[in-house]
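I have placed the structure first, in the form of structure tokens, so that the comments after it can refer back to it.
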Number of protein chains: 2
Amino acid sequence: MNDTQARPVKTTQTSIRIGRAIQRRDGATLTELSEALDLAKSTVHNHLATLVEEGLLVEEGGQYYIGLRFLEFGEHARNRREHYTPAKLQVYRLAESTNEEANFAVAENGYMYSLEYVMGDANPNNPAVGSTFLSVGSKFRMHNSAPGKAVLSALPTHRVESILDRRGLPATTENTITDRETLLEELETVREQGYATNDEELEVGFRSIAAPVTLDDGTVLGGLSIGGPAYRFELDDASGGRSVDTLRKAVADVEREIGRMANVDDDSKE
Amino acid sequence: MNDTQARPVKTTQTSIRIGRAIQRRDGATLTELSEALDLAKSTVHNHLATLVEEGLLVEEGGQYYIGLRFLEFGEHARNRREHYTPAKLQVYRLAESTNEEANFAVAENGYMYSLEYVMGDANPNNPAVGSTFLSVGSKFRMHNSAPGKAVLSALPTHRVESILDRRGLPATTENTITDRETLLEELETVREQGYATNDEELEVGFRSIAAPVTLDDGTVLGGLSIGGPAYRFELDDASGGRSVDTLRKAVADVEREIGRMANVDDDSKE
DNA sequence: ACTGTAGTTCACACATACCGAACAACTATG
DNA sequence: CATAGTTGTTCGGTATGTGTGAACTACAGT
């Protein structure tokens with residue numbers, strides 16, 4: 001509850017700051033980092049050496065890059081729960097059947113992270129064709145995305161409040177809901193209709209719908225979504241109805257599959 | 001060249017040690033970590049709090065887990081070079097056409113990391129069906145894997161020596177090559193025949209073949225491989241010949257595609 | 001050769017990471 | 001319900017190791 005800011009380990013924070021800076025710049029040189037972060041070159045030097053030794057960074061021609069060791073850890077996190085598996089598989093089916101973008105994302109630390117993302121009609125030879133810059137591992141906010149709002153709608157209000165306190169409601173487009181009351185009201189609507197929408201609130205030209213995937217004990221696993229360019233992806237019932245039905249079926253599928261897994265587990269215990 | 005171990009930042013190392021321990025245990029509690037790493041509880045406490053704040057770890061019911069922030073960084077590393085894309089796509093095609101496991105891995109820090117891995121004949125509903133415990137983000141060694149040997153074969157000898165110095169040649173099965181001279185001789189063979197083999201050297205019951213993907217300037221991008229259970233995946237020319245041809249074509253495809261990308265780049269520059 | 005830029009090494013001083021003990025919050029147990 | 005045994009959190013003191021800046025090396029460009 002209370003972020004008591006216990007006693008942050010500043011040295012570790014510095015290392016992380018360096019990593020973040022490298023990621024933001026898609027590779028950086030020592031002096032570049034030293035200047036950007038206002039640290040002595042020798043300091044940055046030691047951090048870099050340590051992180052390279054650990055495989056978290058790579059040095060290539062004077063430039064430092066994010067290392068694949070992060071991927072090792074990241075995939076570990078991505079596969080942490082077996083329940084993720086049916087949801088990730090469903091993303092492929094959704095993308096194929098709707099020919100639009102499908103996404104499964106989970107909430108962590110007040111943000112959403114995409115665990116699986118597939119572009120339905122995209123030319124696989126040119127991944128840049130997708131309408132958003134989303135991909136597996138992408139972090140996005142909860143208040144301005146369909147999966148985010150879907151997950152929020154399934155959380156108790158005090159948890160929602162706490163997330164909004166921590167992360168705020170910054171606007172990314174004109175449509176972004178930046179008022180807390182308005183958002184809470186919309187979450188009520190989401191609960192009623194069973195799915196959340198994103199009408200160009202995250203990115204101009206991109207719309208999507210999402211529904212929460214919940215477990216038997218009532219907790220939320222994440223949000224399943226489909227979306228596409230605004231010119232063809234409608235949110236109203238008229239043409240959007242089909243998508244909503246597809247999404248509903250998909251969520252039901254996933255939840256049924258998860259239930260099946262639980263039963264198998266129970267059986268094996270006996 | 002010289003791993004002068006400049007002046008390692010011990011605090012950062014401690015944080016990383018904690019992360020590794022958590023990963024190894026698939027989640028751990030504070031006291032567990034404190035005992036395992038021989039650190040004061042308060043120390044671990046501060047590190048954990050810092051890492052959670054940064055999103056690198058998550059706390060859930062007293063257990064600490066690897067956070068999805070790692071995935072964000074990891075995917076960044078995975079997509080760092082555009083040249084990876086055609087290789088990753090080829091993995092899907094290889095898996096489909098051979099009905100065996102296909103893999104594209106690159107070398108970093110003296111290890112191989114899988115950037116794409118697909119099980120050809122696996123039931124997608126049960127990923128555990130694969131014969132190895134490999135997956136995207138998996139780290140494995142260079143001396144006892146086909147992609148590793150393929151990449152080594154394309155490196156100058158002094159780089160090979162340096163990698164072997166750093167990482168050694170530990171045995172994982174009876175077949176693992178643990179003698180440096182033997183390995184160097186085998187690399188010579190690899191260069192001659194154009195592909196490397198792994199005859200249950202990494203894991204009992206698993207065989208594979210791999211070839212290096214090289215760029216125009218002669219540098220190695222990574223290794224493309226196909227493999228399967230030993231009872232059906234043969235390495236000799238008789239039945240393995242087909243696989244070798246398929247692999248060769250696949251590598252040629254990827255290299256051609258990369259060349260095409262380079263030309264497009266040149267064009268756009270003009 | 002020379003100037004400038006980038007990275008590495010080193011000794012010192014101050015900040016701080018680590019510890020330990022005491023405290024708080026929960027569970028289990030009689 | 002009290003008690004004992006967990007596990008996690010707080011806090012002050014101290015030894016440690018981080019961060020610094022200056023001096024040094026290595027290169028690239030002119």
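Residue numbers begin at 1 in each chain, while the letters A, B, ... track the order of the sequences.
Regarding E35(B), its CD atom lies at a distance of 10 Å from the P atom of dG8(D), rounded to whole Å. Regarding Y64(A), its OH atom lies at a distance of 8 Å from the C1' atom of dG7(C), rounded to whole Å. To the nearest angstrom, P of dT7(D) lies 11 Å from CD of Q63(B). Atom CG of L30(A) is separated from atom P of dG19(D) by 14 Å (rounded to the nearest Å). The separation between E60(B) atom CD and dT7(D) atom C1' is 18 Å, rounded to whole Å. Between Q13(B) atom CD and dT18(D) atom P there is a gap of 8 Å when expressed in whole angstrom units.
By the side chain to side chain contact (heavy atoms under 4.5 Å, CB included) test, H76(A) is found to be paired with Q23(B), D26(B), I66(B), residues two or more places apart in sequence or in another chain being considered. For A210(A), the side chain to side chain contact (heavy atoms under 4.5 Å, CB included) test picks out A146(A), P147(A), A150(A), S225(A), with sequence neighbours left out. Taking the side chain to side chain contact (heavy atoms under 4.5 Å, CB included) definition, one finds that D179(A) meets it with E181(A), T182(A), sequence neighbours left out. Applying the side chain to side chain contact (heavy atoms under 4.5 Å, CB included) test to A252(B) and every residue at least two apart in sequence or in another chain returns nothing.
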Sequence neighbours excluded and cut-off under 3.5 Å, please list the side-chain donor-acceptor pairs for residues 29-38 of chain A, or say none.
{"residue": "E32(A)", "atom": "OE1", "partner": "T29(A)", "partner atom": "N", "Å": "3.1"}
{"residue": "S34(A)", "atom": "OG", "partner": "L39(A)", "partner atom": "O", "Å": "2.8"}

Indicate every side-chain donor-acceptor pair of residues 105-116 of chain A with a distance under 3.5 Å to a residue at least two apart or in another chain.
{"residue": "E108(A)", "atom": "OE2", "partner": "L68(B)", "partner atom": "N", "Å": "2.7"}
{"residue": "N109(A)", "atom": "OD1", "partner": "R166(A)", "partner atom": "NH2", "Å": "2.6"}
{"residue": "N109(A)", "atom": "OD1", "partner": "R167(A)", "partner atom": "NH2", "Å": "2.7"}
{"residue": "N109(A)", "atom": "ND2", "partner": "V52(B)", "partner atom": "O", "Å": "2.9"}
{"residue": "S114(A)", "atom": "OG", "partner": "N103(A)", "partner atom": "OD1", "Å": "2.8"}
{"residue": "S114(A)", "atom": "OG", "partner": "E116(A)", "partner atom": "O", "Å": "3.4"}
{"residue": "E116(A)", "atom": "OE1", "partner": "R78(A)", "partner atom": "NH2", "Å": "3.1"}
{"residue": "E116(A)", "atom": "OE2", "partner": "R78(A)", "partner atom": "NH2", "Å": "3.2"}

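Between R191(A) and S153(A), the closest heavy-atom pair is NH1-O, 2.9 Å.
The salt bridge (charged side-chain N to carboxylate O under 4.0 Å, His left out) pairs that include a residue from residues 141-165 of chain A are K149(A)-E186(A), K149(A)-E201(A), E161(A)-R180(A), D165(A)-R180(A), where partners are two or more places apart or lie in different chains. The stretch residues 46-67 of chain A participates, sequence neighbours left out, in no ring-ring contact (aromatic ring centres under 6.0 Å, His included) pair at all. Contacts classified as salt bridge (charged side-chain N to carboxylate O under 4.0 Å, His left out) and involving residues 12-21 of chain A (residues at least two apart or in different chains) are given here: R20(A)-E54(B).
Ion pairing of E60(B) with R80(A) is present here, as a side-chain N (NZ or NE/NH1/NH2) and a carboxylate O approach within less than 4.0 Å.
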### Query
Which string of ( ) [ ] | and . matches DNA chain C, if you list each base 5' to 3' and count Watson-Crick or G-U pairs only when both distances are under 3.5 Å?
|.|||||||||||.||||||||||||||||
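Residue H45(B) has no polar side-chain atom (N or O) positioned under 4.0 Å from OP1 or OP2 of dG8(D). The phosphate of dT5(C) (OP1 or OP2) has no side-chain N or O of T31(A) nearer than 4.0 angstrom.
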### Task
Using a 4.0 Å heavy-atom cut-off, write out nucleotides 24-30 of chain D from 5' to 3' as B (base contacted by protein), S (sugar-phosphate only) or - (no contact).
-------
### Footprint string (nucleotides 18-27 of chain C, 5' to 3'): B base within contact, S backbone only, - free, heavy atoms under 4.0 Å
SBB-------
